Amino acid sequence: MSLRAVKGMKDILPDEISKWHRLERAFRECVEAHGFREARFPIVEPTALFVRSIGETTDIVEKEMYTFTDRGDKSLTLRPEATASAVRAYVQHSVQGREPVTKWYYVGPMYRRERPAKGRYRQFYQAGIEVFGDPGPYVDAEVIDLVVGFIASLGITEVEVLINSIGGPETRRKYTAALLAYLEPHRDELCPDCQRRMGANPLRVLDCKVPRCGEIAADAPSMLKHLTDDDRAHFDELQATLTTLGTPYRVDGSLVRGLDYYTRTLFEVLGKGEALGAQNALLGGGRYDEMVKSFGGPDTPAIGFAVGLDRLLMAMPEVEPEAHVDVFVIAAQPTVRAEAALLGRELRDTGLRVESDLRGGSLKSQLRRADKMNARIAMILGESEVAAGAVQVKDLLEKTQQTVFRKEAAKRVHEILD
RNA sequence: GUGGGUGUAGCUCAGUGGUAGAGCACUGGAUUGUGGCUCCGGUGGUCGCGGGUUCAAUUCCCGUCACUCACCCCA
């Protein structure tokens with residue numbers, strides 16, 4: 001077959017969809033319990049939106065975006081993440097004028113042109129939240145506590161929560177200078193990527209996975225020691241609040257995220273176990289206090305996170321799929337198929353999920369089908385039943401069967417299901 | 001972008017230098033209109049694609065494409 005799904009993009013067929021529904025439902029329930037409301041943003045945005053927010057020198061912008069020119073010569077990009085869109089929408093609609101604190105959530109596909117691997121796709125799904133207007137640190141702790149609770153609610157227990165603070169602009173300026181002063185004598189020992197990063201975004205050197213770079217980074221001056229008093233107080237209070245909440249966490253001074261817009265609080269949740277392969281970052285987020293202002297909005301602090309739904313799905317324990325029909329209607333003879341269709345409609349009108357195989361076939365084969373799709377009830381309609389105004393109600397689980405007046409059939413099914 | 005692995009039935013995989021098999025799935029039957037278990041039968045494959053060696057290639061060689069895993073990056 002020559003026409004296939006695009007590399008790194010896959011179909012989700014009905015057999016898998018119940019797991020997705022369960023995941024999405026759990027997310028919505030969790031964030032709505034915290035007062036978040038759903039927002040939906042376009043999948044296509046102006047390219048500049050991502051270049052300016054995520055950062056020109058990040059891997060995402062440099063080599064992973066699906067960027068194209070539309071017929072009006074505008075450069076557009078398939079969103080690689082949703083925070084930039086959320087900020088754009090927040091500013092565009094002057095949301096700050098309506099409420100002091102805005103809490104949004106979103107769920108949807110994102111696009112990055114990476115080499116696919118286990119748990120990494122070119123179209124992947126993220127769910128996330130954004131809080132505008134609250135400088136923290138208490139809301140930071142609430143957000144982290146929310147994600148920990150959400151992941152636990154899915155039955156995923158083996159996780160690690162990492163937090164860090166990279167401070168605000170002043171801290172960043174001072175620390176970057178100190179870091180460069182430290183790195184300069186080691187420049188030749190660093191990998192080529194890191195040598196480049198020194199010029200573009202020195203913080204990323206701390207995150208490098210190349211062994212030698214990691215060794216050098218380990219002895220680098222600590223970012224946490226360079227925090228300004230305000231940034232320090234913010235981070236301390238965040239930790240104190242997490243302790244009060246009983247939320248487990250570990251401070252990791254080398255945690256630096258791949259997007260440039262972050263300030264102060266950063267956090268990440270790592271999954272364990274082989275189901276995930278090498279892609280163990282389940283969730284990442286942090287504060288981005290400067291972004292709203294840089295997009296022309298009022299000076300508004302903000303924090304958010306995004307979870308990778310595909311990875312969460314892999315880490316989730318399996319559960320038995322639920323039946324998707326309640327009643328399977330069977331026409332015992334081909335002559336009563338029209339009547340069977342009508343019976344199906346009568347049952348659906350009472351709220352039941354009803355399916356039947358109107359192609360006909362033997363009673364045996366139709367019963368087999370009812371069993372295969374896990375229907376609780378098989379309702380058998382034959383010529384003698386039609387003549388008597390009755391149906392056979394067969395409970396496939398209890399293995400019982402009774403003749404019921406057709407008028408009573410729906411009621412009887414509801415009794416069995418309850 | 002760099003490496004490794006794998007391409008045979010819808011799925012999971014055996015197998016052979018002489019045009020192919022199993023299990024599962026699907027489907028029919030085991031006497032009248034009754035499912036799951038068991039037994040018997042059936043449908044279904046240009047052996048990824050192209051080239052080469054050979055009397056003969058699914059099998060050997062080369063190339064190519066696809067999928068996949070790791071590095072990298074990230075969710």
Side-chain angles (χ1 to χ4, degrees), chain A residues 1-10 13 15 54 58-64 80-83 107-128 147 151 191-194 197 204 207-211 213 255-259 267-271 274 276-286 304-315 328 330-336 359-385 392-401 403:
Chain A
M1 144 137 199
S2 57
L3 248 29
R4 316 182 86 261
V6 171
K7 189 186 187 75
M9 306 196 180
K10 55 181 199 174
L13 268 20
D15 282 350
I54 296 171
T58 56
D59 285 356
I60 293 176
V61 169
E62 276 183 342
K63 49 194 186 195
E64 295 174 1
E81 59 113 39
T83 298
V107 180
M110 307 294 159
Y111 302 84
R112 293 182 198 174
R113 198 184 177 291
E114 298 177 87
R115 184 83 170 254
K118 189 174 190 176
R120 184 173 69 187
Y121 310 106
R122 290 180 172 186
Q123 173 175 306
F124 59 104
Y125 294 84
Q126 284 190 337
V147 308
I151 288 175
C191 71
D193 274 342
C194 281
R197 285 174 184 137
R204 302 292 306 286
D207 200 31
C208 187
K209 302 290 192 299
V210 174
C213 296
L255 177 62
V256 179
R257 307 209 48 76
L259 295 80
F267 58 94
E268 188 168 285
V269 175
L270 266 26
E274 293 176 15
L276 286 170
Q279 262 56 50
N280 66 345
L282 293 175
L283 172 156
F305 72 77
V307 264
L309 262 24
D310 308 82
R311 292 178 190 179
L312 239 31
L313 206 74
M314 290 190 288
F328 193 89
I330 294 171
Q333 293 88 21
T335 49
V336 299
R359 294 174 309 172
S362 68
L363 179 57
K364 180 194 280 255
S365 69
Q366 292 186 65
L367 267 171
R368 257 202 282 266
R369 246 183 110 48
D371 188 61
K372 270 278 155 40
M373 57 180 64
N374 242 318
R376 174 68 190 269
I377 307 287
M379 203 170 282
I380 302 166
L381 188 70
E383 285 165 0
S384 53
E385 281 81 11
Q392 301 289 333
V393 175
K394 185 178 181 67
D395 184 331
L396 294 171
L397 187 66
E398 298 293 333
K399 307 177 192 187
T400 58
Q401 181 172 339
T403 308

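Each chain gets a letter, A, B and so on, in the order its sequence line appears, and its residues count up from 1. Only a predicted model underlies this, so the values are computations on that prediction, with no experimental measurement involved.
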Item to complete: Could you work out the separation of B/C26 and B/C37 based on their P atoms and round it to a whole Å?
Response: 10 Å
Worksheet item: Taking N and O atoms by type only, does the side chain of A/E114 place a donor or acceptor under 3.5 Å from a partner on the base of B/G1?
Response: no
Worksheet item: Looking only at N and O atoms, is any donor in the side chain of A/Q366 or the base of B/G35 less than 3.5 Å from an acceptor on the other one?
Response: no
Practice prompt. Would you indicate which nucleotide in B/C67, B/U34, B/C74 comes nearest to any side-chain atom of A/L363?
Written response: B/U34
Worksheet item: Looking across every strand, which nucleic acid part, if any, lies under 4.0 Å from A/A306 by heavy atom: base, sugar-phosphate, or nothing?
Response: sugar-phosphate
Fill in: From B/G36, B/U27, B/C74, nucleotide with atom closest to A/K399 side chain
B/G36
Response to the item:
What one should report as the nearest heavy-atom pair of A/A378 and A/L367 is CB-CD2, 3.9 Å
Worksheet item: Once you round it to whole Å, what is the distance between C1' of B/U27 and CG of A/L367?
Response: 16 Å
Worksheet, complete the sentence: Contacts of A/G8 and A/D310 projected onto RNA chain B by closest heavy atom; the upstream (5') one is A/G8
Worksheet entry | Side chain of A/R120 (C-beta onward), nearest among B/A30, B/U2, B/C71 | B/C71
Item to complete: Quick one: closest heavy-atom pair of A/Q366 and A/F328, and the distance?
Response: O-CE2, 3.6 Å
Practice prompt. Answer yes or no: side-chain N or O of A/S365 and base N or O of B/G28 forming a donor-acceptor pair under 3.5 Å.
Written response: no
Worksheet entry | CZ (A/R113) with more than 12 external heavy atoms under 6.0 Å | no
Item to complete: In whole angstrom, give me the gap between the P atoms of B/C49 and B/G29.
Response: 37 Å
Worksheet item: NA contact type, A/I380, heavy-atom cut-off 4.0 Å: base, sugar-phosphate, or nothing?
Response: base
Worksheet item: Taking only Watson-Crick and G-U wobble pairs with both distances under 3.5 Å, what dot-bracket line describes RNA chain B, where [ ] shows pairs that cross earlier ones and | shows pairs with another strand?
Response: (((((((..((((....[..)))).(((((.......))))).....(((((..]....))))))))))))....
Practice prompt. With P as the reference atom in both, quote the distance from B/G7 to B/U43 in angstrom, rounded to an integer.
Written response: 27 Å
Discussion item. Tell me whether the side-chain N/O atoms of A/K372 come closer than 4.0 Å to OP1 or OP2 in B/C26.
Written reply: yes
Practice prompt. Sticking with atom C1', work out how far B/U12 lies from B/U8, rounded to a whole angstrom.
Written response: 12 Å
Worksheet item: Between A/K63 and B/G1, does any side-chain N or O lie under 4.0 Å from OP1 or OP2?
Response: no
Item to complete: When you get a sec, tell me which of B/G29, B/G1, B/U34 is the closest nucleotide to the side chain of A/R115?
Response: B/G1
Worksheet item: How would you label the contact of A/E62 with the nucleic acid (heavy atoms, under 4.0 Å): base, sugar-phosphate, or nothing?
Response: nothing
Practice prompt. Show your reasoning for whether side-chain hydrogen bond (donor to acceptor under 3.5 Å, both in side chains) applies to A/Q126 and A/E81.
Written response: CA-CA 8 Å; A/Q126 284 190 337; A/E81 59 113 39; over 6 Å; no
Worksheet item: Can you tell me if the side-chain N/O atoms of A/K394 get under 4.0 Å from OP1 or OP2 in B/U34?
Response: no
Worksheet item: If the C1' atom of B/C71 is compared with that of B/U53, how far apart are they to the nearest Å?
Response: 38 Å
Discussion item. Using the P atom as the point on both nucleotides, what is the distance between B/C24 and B/U2, in whole Å?
Written reply: 44 Å
Worksheet item: What does A/L396 touch in the nucleic acid at a heavy-atom separation under 4.0 angstrom: a base, only the sugar-phosphate, or nothing?
Response: base
Discussion item. Classify A/F328 by what it touches in the nucleic acid, base, sugar-phosphate, or nothing, heavy-atom distance under 4.0 Å.
Written reply: nothing
Discussion item. Under 4.0 Å, counting only non-hydrogen atoms across every strand here, what does A/Q392 touch: a base, just sugar-phosphate, or nothing?
Written reply: base
Discussion item. Classify A/R311 by what it touches in the nucleic acid, base, sugar-phosphate, or nothing, heavy-atom distance under 4.0 Å.
Written reply: base
Practice prompt. Look at the side chain of A/S362 and decide which nucleotide, out of B/G29, B/U34, B/C74, has an atom nearest to it.
Written response: B/G29
Worksheet item: So what does A/E268 touch, heavy atoms closer than 4.0 Å: a base, only the sugar-phosphate, or nothing?
Response: nothing
Worksheet item: Using a cut-off of 4.0 Å on non-hydrogen atoms, how would the nucleic acid contact of A/G119 be classed: base, sugar-phosphate, or nothing?
Response: base
Fill in: C1' atoms of B/A22 and B/A9, separation to the nearest Å
11 Å
